[in-house]
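Everything quoted here is computed from the prediction, not taken from an experiment.
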Amino acid sequence: MAETSKSWAMLHTKCPRCRRGAMFSGGMYNFGSNKIHEVCPHCNLHFEIEPGYFYAAMYISYALNVFEGFGIVALTYLLTHNASSPWLYTGTIIGGLFVLSPINFRYSRVLLLYLMSPKINYQPHLDIDDSTPYL
């Protein structure tokens, strides 16, 4: 069986160690269900490596918000060609970042676990599909 690519696993918010188990329960925009599992349902990796580990994800989320804010400003200018209304830009930035906040919540944690956690390494022997029955 071929290995699961890192980019696919990050995009689909899979466990960084086995790339099979889901990191989050529920859908991205479902109210009350955008929660991270305590352990990976496939390989039992404890996601919060130490107490308060995901506080570092706030810094990643902040960086994502800054980049997205600049993108929203550029897109607003390209669509409206209005450079004189601060309320137009304020409203679109606040509204756009509010809509993108569930995405930032998930992917800030994914980026933290995949790119900034030296204790977690991909283990290909765990990247197997357990859902197929043996014949």
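The closest side-chain heavy-atom distance from V110 to M23 is below 4.5 Å. Counting heavy atoms from C-beta on, the side chains of Y29 and V99 come closer than 4.5 Å. Looking at heavy atoms from C-beta onward, R106 lies in side-chain contact with F24 at the 4.5 angstrom threshold. In this structure the side chain of M58 never reaches within 4.5 angstrom of the side chain of S108, judged on heavy atoms. Side chains of T4 and K14 form no contact here, defined as non-hydrogen atoms less than 4.5 Å apart.
Panel note: side chain S117, backbone L112; a donor-acceptor pair is recorded below 3.5 Å. With hydrogens and angles ignored, the 3.5 Å screen pairs a side-chain donor or acceptor of Y114 with a backbone N or O of C15. Between the side chain of T80 and the backbone N or O of T76, at least one donor-acceptor pair lies under 3.5 Å. Remark: side-chain polar atoms of R19 are not paired, donor with acceptor, to backbone N or O of A9 under 3.5 angstrom. Remark: the backbone N or O of S61 is not paired with any side-chain donor or acceptor of Y107 at under 3.5 angstrom. Although no hydrogens or angles enter the test, the distance criterion places a donor-acceptor pair under 3.5 Å between the side chain of S85 and the main chain of L88. A distance-only check finds a donor-acceptor pair linking the side chain of R17 to the backbone of C43 [under 3.5 Å]. Formation of a donor-acceptor pair under 3.5 Å by the Y53 side chain with backbone atoms of F47 is not found in this model. Looking only at distances, a side-chain donor or acceptor of E48 sits under 3.5 Å from a matching main-chain atom of G52.
Counting non-hydrogen atoms of neighbouring residues, nucleotides and ligands closer than 6.0 angstrom, the CH2 atom of W8 exceeds 12 such neighbours. No more than 12 heavy atoms of other residues, nucleotides or ligands shown are found within 6.0 angstrom of CZ on F98. Dense packing is recorded around CD of E50, with more than 12 heavy atoms of other residues, nucleotides or ligands lying under 6.0 Å away.
For the atom pair CG (L113) and OG1 (T13), the distance works out to 11.0 Å, reported to the nearest 0.5 Å. Rounding to the nearest 0.5 Å places CH2 of W87 at 14.5 Å from CG of N82. Note: K119 NZ to N121 CG = 12.0 Å, rounded to the nearest 0.5 Å.
When the side chains of ILVMFWY residues are joined at heavy-atom separations under 4.5 Å, either directly or via intervening members, I103 and L111 end up in a single hydrophobic cluster. One hydrophobic cluster, built from ILVMFWY side chains closer than 4.5 Å, cannot hold both L126 and I120; they sit in different ones. I94 and L97 fall into different hydrophobic clusters, defined by Ile, Leu, Val, Met, Phe, Trp and Tyr side-chain heavy atoms under 4.5 Å apart, directly or through other members. There is a path of hydrophobic side-chain contacts, each under 4.5 Å, that joins F54 to M28. In terms of hydrophobic clustering, with Ile, Leu, Val, Met, Phe, Trp and Tyr side chains grouped at heavy-atom distances under 4.5 Å, L45 and L115 are assigned to a common cluster.
Between C18 and C40, the closest heavy-atom pair is SG-SG, 3.7 Å.
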